[in-house]
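Scroll down for the structure; my scribbles are underneath it.
Source: prediction; values computed, not measured.
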Amino acid sequence: QVHLVESGGGLVQAGGSLRLSCAASGRTFSNYIMAWFRQAPGKEREFVVRISWSAGNTLYADSVKGRFTISRDNNKNTVYLQMNSLKTEDTAVYYCAARAMEDGVYNYWGQGTQVTVSS
């Protein structure tokens with residue numbers, strides 16, 4: 001029963017910062033890939049960034065590279081997304097996701113947290 005719970009969303013001005021958290025439970029995630037996706041109204045779900053739990057290898061979408069940083073805390077079993085220099089186009093529901101390394105699909109998803117960036 002893998003369970004992912006996002007928190008930290010809210011309203012922020014363009015140029016500001018926000019940190020999202022994803023609390024993971026239900027199993028050990030040492031062989032898992034953790035990721036953040038986002039979806040704006042009327043648009044398709046978009047990949048933002050991923051991280052391997054064990055090695056900490058990361059991959060960022062071009063749209064957020066240099067502005068967003070993903071990290072994880074082993075003791076707290078939590079993944080974070082630090083978002084800096086936010087733009088209005090970053091407005092979306094942000095979802096935490098997880099998959100086993102050998103899987104090509106993200107099998108586990110959180111409920112999402114709303115991020116709204118005002119101009």
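Side-chain contact between E6 and Q111 is present, with at least one heavy-atom pair separated by less than 4.5 Å. Using a 4.5 Å heavy-atom threshold, the side chains of S17 and Q82 count as touching. Side-chain contact between V12 and T116 is absent, with no heavy atoms from C-beta onward closer than 4.5 Å. Two residues are said to be in side-chain contact when any heavy atoms from C-beta on lie closer than 4.5 Å; R67 and K87 meet this criterion. Using a 4.5 Å heavy-atom cutoff, the side chains of W109 and R45 are in contact. Counting heavy atoms from C-beta outward, E46 and S63 have side chains that approach closer than 4.5 Å. Counting heavy atoms from C-beta outward, V48 and F68 have side chains that approach closer than 4.5 Å. Side-chain contact between K65 and V49 is absent, with no heavy atoms from C-beta onward closer than 4.5 Å.
The two atoms that bring R72 and A55 nearest to each other are NH2-C, 3.7 Å, heavy atoms only. Heavy atoms only, all atoms of each residue included: T78 and S21 are closest at CG2-CB, 4.2 Å. Minimum interatomic distance between S119 and A14 (heavy atoms only, all atoms of both residues): CA-CB, 4.4 Å. Contact between N74 and W53 at its shortest, heavy atoms only, is OD1-NE1, 3.0 Å. Minimum heavy-atom separation, T91 to A40: O-CB, 3.7 Å. For the pair A98 and L4, the tightest heavy-atom approach, listed with the atom from each and the gap, is N-CD1, 3.9 Å.
For the pair R19 and Y80, the distance from NZ or CZ to the six-membered ring centre is under 6.0 Å and the angle to the ring normal is within 45 degrees. Within the cation-pi definition used here (under 6.0 Å to the ring centroid, within 45° of the axis), R38 does not qualify as a partner of Y95. With a 6.0 Å cutoff to the six-membered ring centre and a 45° limit on the axis angle, R99 counts as a cation-pi contact of Y106.
With rounding to the nearest 0.5 angstrom, the OH atom of Y94 is 9.5 Å from the CD atom of Q114. The line from CG of N57 to CD1 of I51 is 8.0 Å long, rounded to the nearest 0.5 Å. Taking OH of Y32 as the start and CD of E102 as the end, the distance is 7.5 Å to the nearest 0.5 Å. Atom OH of Y60 and atom CD1 of I70 lie 6.5 Å apart (nearest 0.5 Å). A distance of 6.5 Å separates CG in L18 from CG in L86, rounded to the nearest 0.5 Å. If you take CE on M34 and OG on S71, they are separated by 12.0 Å, rounding to the nearest 0.5 Å.
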Exercise for the section: With side chain to side chain contact (heavy atoms under 4.5 Å, CB included) as the test, would you mind laying out the steps for V115 and D90 before giving the verdict? Expected result: CA-CA 8 Å; V115 173; D90 294 319; 5.6 Å; no
Exercise for review: Would you sort out whether N77 and D73 count as a side chain to side chain donor-acceptor pair (under 3.5 Å), showing the intermediate values?
Suggested key: CA-CA 6 Å; N77 247 31; D73 187 316; over 6 Å; no
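Scored by the side-chain hydrogen bond (donor to acceptor under 3.5 Å, both in side chains) test, N31 finds no partners at all (sequence neighbours excluded).
In the displayed structure, Q13 atom CD is contacted under 6.0 Å by at most 12 heavy atoms of other residues, nucleotides or ligands.
By the criterion of side-chain heavy atoms lying less than 4.5 angstrom apart, applied directly or through intervening Ile, Leu, Val, Met, Phe, Trp or Tyr residues, L59 is not grouped with M83; the two fall into different hydrophobic clusters.
In summary, the aromatic rings of F47 and W36 are positioned with their centroids too far apart to meet the 6.0 Å limit.
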